[in-house]
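Here is the structure we will look at, set down as structure tokens.
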Amino acid sequence: MIITDLADEVARGVDTLGGRISETFFEPVIRLGVTGLARAGKTVFITSLVANLLDRGRMPGLVAAQEGRIEAAFLQPQPHVTLPRFDYETHLAALTGPGPHWPDGTRTISELRLSLRVRPSGLLAGLQGPRTVHLDIVDYPGEWLLDLALLEMSYRDWAEDALSRLARRPEAQPYLDQARAADPDAALDEPVAQALARSFTAYLDTARGSGSYDCIPPGRFLLPGDLAGSPVLTFAPIPEGAGRRGSLLREMERRFEAYKAKVVKPFFHDHFARLDRQVVLVDALGAIHAGPQGVEDLRRAMEGILGAFRPGRNAFLSRLWRGKRVDRILFAATKADHLHHSQHGRLTAIMEALTRSARDRAQFAGAETAAMAIAALRATTEEMRDHDGRELPCVRGRLLEDGRQAAFYPGELPEDPARLLAPARQGARAWLGADYGLMRFAPAPLVLHPGDGPPHIRLDRAAQFLIGDRL
């Protein structure tokens with residue numbers, strides 16, 4: 001067994017090294033991870049990005065497209081034959097068909113390869129012919145991002161943090177009552193463990209459905225897949241105890257460590273060790289609408305998520321021998337089309353402030369970072385409306401609830417992000433002297449001209465930051 005394992009490791013290392021040499025010298029591959037919490041718009045982002053790279057009429061901010069150096073783009077089978085393919089065609093039909101609607105959210109990992117035939121620029125333009133650049137886009141559920149923070153935590157640290165956060169949530173009271181009634185030092189009783197896990201999962205599901213940004217891992221509890229009912233998903237946070245052998249607390253600790261070893265570590269090792277670009281999508285407007293607690297919950301969640309990435313420069317030799325590191329990270333506030341363009345700069349500033357510590361860590365490690373406000377698919381138009389003698393910058397779109405057309409003024413974001421972040425950190429219950437609204441819009445019916453992808457806001461600039469230097 002040991003000899004076989006060693007042989008497998010050596011073979012895997014040789015294959016990996018061979019793949020890296022091929023990518024470095026022949027057909028380069030850009031591996032782009034698309035991450036974000038639920039409702040951030042990952043599926044829409046990938047669908048619109050691919051559509052606009054295939055038909056580049058709306059991509060002037062992507063320099064290679066603006067210069068006409070991208071001769072062709074086409075979809076190929078993804079390189080990992082055991083991963084599901086991102087269902088691009090179905091999602092595009094949902095967004096651009098006769099009755100446009102938002103596609104289903106991400107529920108499992110998927111991948112898509114888009115190959116671009118690109119002419120070189122500069123001095124090499126007259127010496128070399130076009131080359132092929134592969135863009136591998138990896139999509140995975142936002143809920144699974146929650147598990148990143150667990151890698152540096154013990155069960156007792158996690159349980160203490162989870163219980164303290166649950167104590168602030170009235171809807172968590174049924175689980176808290178059940179957890180406090182359980183004796184951590186009693187002998188393991190499997191029905192008790194299962195009941196605690198079900199109750200804890202029920203709270204997580206309720207919190208997600210209510211739009212809460214207080215994201216408590218494990219993420220696989222919400223999307224268990226074929227692990228449903230297994231012991232590795234049958235644990236929950238309970239109060240401190242002695243932790244004697246055979247006790248409920250000791251078994252909870254064992255299953256927590258097994259979850260990290262058997263679920264979290266293999267997942268990120270197998271699928272993300274070779275990512276070199278990352279976009280983190282954030283529904284900042286939704287958090288602002290939820291109030292100060294929503295903003296603070298989002299800030300904490302972002303810090304936990306981004307703490308597990310490996311930012312840094314991809315030096316030539318280190319890429320060959322030690323694997324890749326994420327060398328560019330884009331923090332994108334989505335749904336910018338819910339605001340008039342006059343407020344996009346303020347939304348970007350809020351995004352920068354929300355991710356400040358994470359961006360500082362990434363930059364210190366040598367990665368380039370950027371923040372911007374985007375809309376992968378523009379669902380609204382802008383207009384000015386008179387209200388009490390004042391001109392209000394509004395957006396107009398088709399309401400998701402009933403399909404009616406409506407104009408909406410969401411309120412004015414503060415010029416200084418501290419006006420939001422300070423009350424959030426201080427635990428304020430509501431915004432003082434301000435009211436930020438949020439309207440849910442459906443995709444607008446589209447008429448796309450030949451060569452044009454779906455309309456968007458700054459998707460071309462996002463693409464330029466993420467992949468422009470490699471084209």
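Values below: every heavy atom of this structure, side chains too, minus hydrogens, waters and symmetry copies. Computed from a prediction, not measured in an experiment: that's the story for all the values here.
Counting all heavy atoms, side chain and backbone alike, Asp276 lies closest to Val29 at OD2-O, 3.9 Å. Heavy-atom minimum distance, Cys394 versus His340: O-CD2, 3.9 Å. Taking all atoms of both residues into account, the shortest heavy-atom contact from Leu150 to Lys260 is O-CD, 3.0 Å. Shown here for Gly453 and Asn52, the closest heavy-atom pair between the two residues is CA-OD1, 3.3 Å.
Contact check for Phe45 versus Leu377: no side-chain heavy atoms found under the 4.5 Å cut-off. The closest side-chain heavy-atom distance from Thr201 to Pro224 is not below 4.5 Å. The shortest side-chain heavy-atom distance between Val282 and Phe331 does not fall under the 4.5 Å cut-off. Residues Ile238 and Leu163 form no side-chain contact, since every pair of their non-hydrogen atoms from C-beta on lies 4.5 Å or further apart. Contact check for His344 versus Ile457: side-chain heavy atoms found under the 4.5 Å cut-off. Counting only heavy atoms from C-beta outward, the side chains of Asp460 and Gln464 never approach each other to under 4.5 Å. Counting heavy atoms from C-beta on, the side chains of Arg385 and Pro393 never come closer than 4.5 Å. Between Thr369 and Arg328 the shortest side-chain heavy-atom distance does not fall below 4.5 Å.
Among residue pairs with one or both ends in residues 386-397, those qualifying as side-chain hydrogen bond (donor to acceptor under 3.5 Å, both in side chains) are Glu383-Arg396; sequence neighbours excluded.
If you take CG on Leu114 and CD1 on Ile467, they are separated by 8.0 Å, rounding to the nearest 0.5 Å. A distance of 13.5 Å separates CD of Gln194 from OG of Ser199, quoted to the nearest 0.5 Å. Distance OG/Ser342 to CE/Met384: 7.0 Å, rounded to 0.5 Å. With rounding to the nearest 0.5 angstrom, the CD1 atom of Ile350 is 11.5 Å from the OG1 atom of Thr355. Going from atom OG1 of Thr380 over to atom CZ of Arg398 covers 13.0 Å, rounded to the nearest 0.5 Å.
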Compile the donor-acceptor pairs under 3.5 Å between side chains in residues 409-426 and protein atoms, sequence neighbours left out, one pair per line.
| from | atom 1 | to | atom 2 | distance (Å) |
| --- | --- | --- | --- | --- |
| Glu412 | OE2 | Arg346 | NH1 | 3.1 |
| Asp416 | OD1 | Ala418 | N | 3.0 |

Pairs of donor and acceptor atoms involving the side chains of residues 69-84, under 3.5 Å and at least two apart or interchain, shall be tabulated with distances.
| from | atom 1 | to | atom 2 | distance (Å) |
| --- | --- | --- | --- | --- |
| Arg69 | NE | Glu67 | OE1 | 2.8 |
| Arg69 | NH1 | Arg119 | O | 2.8 |
| Glu71 | OE1 | Arg117 | NE | 3.3 |
| Gln76 | NE2 | Ser115 | OG | 2.4 |
| Gln78 | NE2 | Leu83 | O | 2.8 |
| His80 | ND1 | Glu111 | OE1 | 3.1 |
| His80 | ND1 | Glu111 | OE2 | 3.1 |

Do any side-chain atoms of residues 286-299 form donor-acceptor pairs under 3.5 angstrom with protein atoms, and if so which ones, sequence neighbours left out?
| from | atom 1 | to | atom 2 | distance (Å) |
| --- | --- | --- | --- | --- |
| His289 | ND1 | Tyr436 | O | 2.9 |
| Gln293 | NE2 | Asp297 | OD1 | 2.8 |
| Glu296 | OE1 | Arg299 | NE | 3.1 |
| Glu296 | OE2 | Arg299 | NH2 | 2.7 |
| Asp297 | OD2 | Arg169 | NH2 | 2.2 |
| Arg299 | NH1 | Glu303 | OE2 | 3.0 |

(request) For salt bridge (Lys or Arg N to Asp or Glu O under 4.0 Å), just list the numbers for Arg277 and Asp136, CA-CA rounded to whole Å, side-chain angles, deciding distance to a tenth of an Å, and then say yes or no. (result) CA-CA 10 Å; Arg277 301 290 161 95; Asp136 290 347; over 6 Å; no
(message) Phe221 vs Phe235, test: ring pair (Phe, Tyr, Trp, His ring centres under 6.0 Å). Steps then yes/no.
(response) CA-CA 10 Å; Phe221 277 40; Phe235 64 90; 5.1 Å; yes
(message) If you apply the rule salt bridge (Lys or Arg N to Asp or Glu O under 4.0 Å), what do you find for Arg300 with Asp161, and how did you get there?
(response) CA-CA 12 Å; Arg300 290 181 53 175; Asp161 177 69; 3.5 Å; yes
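Not counting sequence neighbours, the partners of His338 by the ring pair (Phe, Tyr, Trp, His ring centres under 6.0 Å) test are Phe441. Take Ala51 and apply the side chain to side chain contact (heavy atoms under 4.5 Å, CB included) test, not counting sequence neighbours, and it matches Tyr88, Leu92, Pro454.
Counting only distance, with no hydrogens or angles, the side chain of His341 and the backbone of Leu339 share no donor-acceptor pair below 3.5 Å.
The aromatic ring centroids of Tyr175 and Phe200 lie less than 6.0 Å from each other. Centroid-to-centroid, the aromatic rings of Trp158 and Tyr259 stay 6.0 Å apart or farther.
Taking the charged nitrogens against the carboxylate oxygens, Lys335 and Asp283 do have a contact shorter than 4.0 Å, which makes a salt bridge.
Around CZ of Arg440, the count of heavy atoms belonging to other residues, nucleotides or ligands within 6.0 Å does not exceed 12. The number of heavy-atom neighbours closer than 6.0 Å to CD of Gln173, taken from other residues, nucleotides and ligands shown, is above 12.
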